[in-house]
There are 2 protein chains.
Amino acid sequence: MKETTTSTRALRSDSERTVHTILEAAERVLSRNPAASMEQIAEAAGVARTTVHRRFASRDALVAAMASWATRRFAEAVDAAHPETTPPLVALYQITANVLRVKIDWSFAMSLALTADREAAHVHADIEERCERLFVKAREAGVLRADVDPAWARRVYYALIHEAAQSRDADADTLAARLVDTLLRGVGTGQSLT
Amino acid sequence: MKETTTSTRALRSDSERTVHTILEAAERVLSRNPAASMEQIAEAAGVARTTVHRRFASRDALVAAMASWATRRFAEAVDAAHPETTPPLVALYQITANVLRVKIDWSFAMSLALTADREAAHVHADIEERCERLFVKAREAGVLRADVDPAWARRVYYALIHEAAQSRDADADTLAARLVDTLLRGVGTGQSLT
DNA sequence: GATAGTTGCATCAATAGAGTCGCAAATTGT
DNA sequence: ACAATTTGCGACTCTATTGATGCAACTATC
């Protein structure tokens with residue numbers, strides 16, 4: 001399966017570049033209109049529709065490839081923060097910044113997690129679990145309030161990630177700092193309803 | 001245009017009931033799969049596909065009707081809280097609870113705001129503006145932190161509304177209480193990164 | 001029971017999109 | 001310059017979906 005000559009390697013590298021161009025175009029088009037046609041995706045990628053069909057056997061295959069690609073980047077983003085060994089607050093910040101970097105460019109593809117195949121679903125479940133462990137650690141370290149439902153806290157965190165990824169009014173680090181600050185302290189002055 | 005006999009009134013009332021049944025079914029089906037066919041919607045509504053086409057000239061017309069319906073309910077939910085005259089914190093809680101009640105049942109239809117017609121877009125812009133005024137009032141009253149970007153605060157609020165509407169693990173009032181508490185105080189113990 | 005309105009069903013045409021194929025032209029490495 | 005590969009283009013089939021229509025059956029009201 002591996003290339004044996006430099007020629008083959010160069011050509012394969014070109015192919016992969018085309019594939020990546022199509023994936024990026026698909027992300028751009030489908031994030032605006034999930035029902036867009038292959039024609040529109042091909043046009044955005046600057047290639048003919050037939051070329052897209054040559055690279056991806058079907059529409060589903062293309063979408064699956066997007067999910068797979070985004071999932072890989074997602075897992076890398078979490079791994080890079082070493083959430084198991086880093087202090088919880090630092091890990092939270094690092095993960096946030098890294099994930100935002102991915103999600104800003106692959107928003108649609110990342111929303112495919114639920115629809116994705118067994119492979120990708122497993123990776124997502126794994127990440128979910130690591131996030132859960134991180135939140136438990138943070139709670140035990142006194143970073144998170146003990147009177148807040150952990151599941152809700154994580155949901156809030158995901159919602160803020162999603163929101164921050166939409167508002168591209170700053171770089172990932174700035175967004176992450178603001179996000180974590182909001183997550184932990186809220187936007188109020190400390191008064192409570194209850 | 002108005003009915004003149006009791007007979008006509010009764011029949012029209014039946015028609016409107018059918019229309020409403022279809023709208024509800026469309027919400028249920030399209031929230032799971034935005035690309036669902038008219039056939040699937042009709043089946044979910046328990047009517048023939050032709051009946052749906054009799055009530056709504058086209059697919060777009062059906063979707064527009066959903067957007068219009070949800071927009072009306074949305075506006076009512078905000079109005080009922082009297083955000084202009086009620087103290088900010090109370091208004092915030094009331095609006096949250098009312099909007100959640102609508103959004104839990106009309107999640108898909110409410111996401112159509114951006115795609116909707118001029119009419120609906122105007123109503124949404126109006127609500128947006130009233131929300132902005134409410135947040136300004138809340139800030140001036142010392143409820144909201146002055147060092148937080150107001151636009152970001154509102155975005156966070158919308159994100160939490162969206163998230164809370166997805167998690168149907170409690171009634172609207174409970175969700176609203178938790179949401180506002182999280183919005184104002186966050187999920188942390190008060191430590192800051194900076 | 002007569003009537004007006006609504007619905008279900010079968011069927012039709014029109015359309016858009018997915019997927020396939022062959023061939024000429026362009027690209028790229030050697 | 002040559003060979004391998006990829007691409008664009010045009011044409012094609014096939015299928016799903018939309019939207020329209022005529023007719024018989026049903027329902028509620030009078």
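Numbers restart at 1 for each chain; the letters A, B, ... are given by sequence-line order, proteins then strands.
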So which protein N/O to nucleotides 9-15 of chain C N/O distances come out below 3.5 Å?
{"from": "C:dC9", "atom 1": "N4", "to": "B:T50", "atom 2": "OG1", "distance (Å)": "3.4"}

- Can you find a side chain N or O atom of B:H53 that sits less than 4.0 Å from OP1 or OP2 on D:dA20? no
- dist B:L160:CG -> B:E163:CD (nearest 0.5 Å) comes out at 8.0 Å
- Item | Partner residues of A:A125 under the side-chain contact (heavy atoms from CB on, under 4.5 Å) criterion, sequence neighbours left out | none
List the atom pairs, donor and acceptor, that lie under 3.5 Å between side-chain atoms in residues 104-123 of chain B and the rest of the protein, sequence neighbours left out.
{"from": "B:S111", "atom 1": "OG", "to": "B:F108", "atom 2": "O", "distance (Å)": "2.6"}
{"from": "B:D117", "atom 1": "OD1", "to": "B:E119", "atom 2": "N", "distance (Å)": "3.1"}
{"from": "B:D117", "atom 1": "OD1", "to": "B:A120", "atom 2": "N", "distance (Å)": "3.1"}

Carboxylate-amine/guanidinium proximity below 4.0 Å for [X] and [Y]:
{"X": "B:E84", "Y": "B:K137", "value": "no"}
{"X": "A:D173", "Y": "A:R178", "value": "no"}
{"X": "B:R130", "Y": "B:D79", "value": "yes"}
{"X": "B:R155", "Y": "A:D169", "value": "no"}
{"X": "A:E43", "Y": "A:R49", "value": "no"}

- Message: The criterion is ring-ring contact (aromatic ring centres under 6.0 Å, His included); which residues satisfy it with B:H162, sequence neighbours excluded?
- Response: none
- Item | For DNA chain D, the residues among residues 37-47 of chain B that have a non-hydrogen atom under 4.0 Å from it | B:S37, B:M38
- Neighbour count >12 (heavy atoms, 6.0 Å) for atom CZ, A:R133: yes
- Item | Nucleic acid contacts of residues 57-69 of chain A, taken as heavy-atom distances under 4.0 Å to DNA chain C | A:A57, A:S58, A:R59
